[in-house]
Amino acid sequence: GLSWKDRYWVKASVWIFIFSYVGNYFWTHYFFTVLGASYTFPSWKMNNALHTTFLLTHVCFLFYHVTSNMKLHRLRHSIANLPQKVQLFFEAAWILALAYFIAYLETLAIANFPYYQFVDQESMYTVGSLFYAIYFIVSFPMFLRLDVLGNSVVLNTKLMDVIWNTPNLSISELVYLHLVHFET
């Protein structure tokens with residue numbers, strides 16, 4: 001059998017752990033400062049992000065990304081006979097739509113949480129969801145790399161590759177967030 005460090009679930013969990021940690025530690029301030037969002041329950045904080053959000057983000061992001069992989073595999077299978085540029089268009093459109101859909105649904109769900117507040121509910125649904133979707137627009141294709149072409153790529157992706165490539169994603173996310181922040 002495979003060593004524990006070569007198993008897909010280990011690589012996926014490590015990747016999501018690093019991604020969600022960086023997101024909570026460095027990027028959460030966009031929601032707090034730009035959109036006026038805040039949690040009102042007492043909790044330990046790390047860089048003004050609640051410890052509980054670190055744990056919840058890991059679970060949610062793992063679910064979102066595995067779901068994205070399943071949908072992208074299904075999409076790729078269904079459009080495999082189309083020209084390459086058309087396939088790329090459909091995949092990009094699907095990633096954009098899925099990213100915004102997931103971000104919007106989570107924003108809608110958290111709006112009913114009694115200990116979460118934001119200044120402008122309408123801008124949180126639209127602009128806040130767009131900010132949040134940027135995470136997924138970049139991360140869904142990157143996470144898919146762990147799972148593309150079945151086991152041949154998964155077996156060739158070393159755990160250290162997963163760990164070292166995640167900061168590249170983090171830098172891309174930060175650049176996109178800054179670009180959107182300066183436009184608003």
Side-chain angles (χ1 to χ4, degrees), residues 8-9 11-24 26-28 30-31 34-35 57-111 122-159 161-184:
Y8 173 76
W9 70 267
K11 295 174 191 177
S13 293
V14 168
W15 194 94
I16 290 293
F17 175 79
I18 294 169
F19 178 64
S20 61
Y21 178 84
V22 169
N24 275 301
F26 293 106
W27 306 325
T28 304
Y30 280 95
F31 294 98
V34 175
L35 298 168
T57 302
H58 182 81
V59 173
C60 292
F61 276 21
L62 193 55
F63 175 72
Y64 301 156
H65 285 79
V66 169
T67 300
S68 170
N69 276 9
M70 292 167 49
K71 297 300 178 188
L72 285 169
H73 281 302
R74 185 172 290 166
L75 176 69
R76 284 182 173 180
H77 179 72
S78 66
I79 62 173
N81 295 328
L82 297 175
Q84 188 69 31
K85 288 183 180 181
V86 175
Q87 289 180 33
L88 184 60
F89 171 78
F90 275 112
E91 191 168 323
W94 179 254
I95 289 169
L96 290 171
L98 183 63
Y100 192 81
F101 177 73
I102 286 176
Y104 185 80
L105 283 182
E106 187 171 327
T107 304
L108 214 79
I110 203 165
E122 187 61 34
S123 70
M124 189 62 172
Y125 288 144
T126 54
V127 178
S129 294
L130 178 62
F131 269 114
Y132 196 26
I134 292 171
Y135 292 118
F136 303 129
I137 290 168
V138 177
S139 66
F140 285 166
M142 295 277 296
F143 189 76
L144 186 66
R145 291 177 59 210
L146 293 176
D147 192 31
V148 172
L149 302 175
N151 288 337
S152 61
V153 172
V154 172
L155 291 176
N156 292 327
T157 305
K158 295 184 175 22
L159 184 59
D161 292 339
V162 171
I163 292 169
W164 289 114
N165 285 324
T166 307
N168 294 333
L169 171 69
S170 301
I171 291 168
S172 299
E173 294 281 350
L174 191 58
V175 168
Y176 294 138
L177 286 170
H178 278 298
L179 289 174
V180 171
H181 172 68
F182 291 128
E183 294 296 321
T184 57

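Source: prediction; values computed, not measured.
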How many angstroms lie between atom [atom1] of [X] and atom [atom2] of [Y], to the nearest 0.5 angstrom?
X	Y	atom1	atom2	result
L130	I137	CG	CD1	6.5 Å
K71	W94	NZ	CH2	6.5 Å
M124	L108	CE	CG	11.5 Å
S139	I16	OG	CD1	7.0 Å
Y132	I110	OH	CD1	8.0 Å

Quick one, [X] and [Y] - any side-chain contact, counting heavy atoms below 4.5 Å?
X	Y	answer
V86	I79	no
F17	S13	no
F140	I102	yes

Ring geometry between Y104 and Y125 (parallel below 30°, tilted from 30 to 60°, perpendicular above 60°): tilted
Inter- and intrachain pairs under salt bridge (charged side-chain N to carboxylate O under 4.0 Å, His left out), touching residues 84-93, at least two apart: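 Counting only pairs at least two positions apart or across chains, the salt bridge (charged side-chain N to carboxylate O under 4.0 Å, His left out) contacts touching residues 84-93 are R76-E91.
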All pairs passing salt bridge (charged side-chain N to carboxylate O under 4.0 Å, His left out) where residues 130-142 contributes a residue, at least two apart: none
Side-chain donor/acceptor of S78 to backbone N/O of L75, under 3.5 Å: yes
Side chain to side chain donor-acceptor pair (under 3.5 Å) against S68, all qualifying residues, sequence neighbours excluded: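 Partners of S68 by the side chain to side chain donor-acceptor pair (under 3.5 Å) criterion come out as none, since no residue qualifies.
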Residues forming a side chain to side chain donor-acceptor pair (under 3.5 Å) with S123, sequence neighbours excluded: D120
Search all heavy atoms of [X] against all heavy atoms of [Y] and return the closest pair with its distance.
X	Y	result
G23	Y135	O-OH, 4.2 Å
T57	S20	CG2-CB, 3.3 Å
S129	T107	OG-OG1, 3.4 Å

Y100, OH atom: more than 12 neighbouring heavy atoms under 6.0 Å: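 Enclosed: over 12 neighbouring heavy atoms sit under 6.0 Å from OH of Y100.
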Intermediate values then yes/no, side-chain contact (heavy atoms from CB on, under 4.5 Å), W15 and H65: CA-CA 11 Å; W15 194 94; H65 285 79; 4.2 Å; yes
Residue list, ring-ring contact (aromatic ring centres under 6.0 Å, His included) with Y21, at least two apart or on another chain: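 So Y21 forms a ring-ring contact (aromatic ring centres under 6.0 Å, His included) with Y25, F54.
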All ring-ring contact (aromatic ring centres under 6.0 Å, His included) counterparts of Y64, not counting sequence neighbours: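 Per chain and number, Y64 pairs via ring-ring contact (aromatic ring centres under 6.0 Å, His included) with F136.
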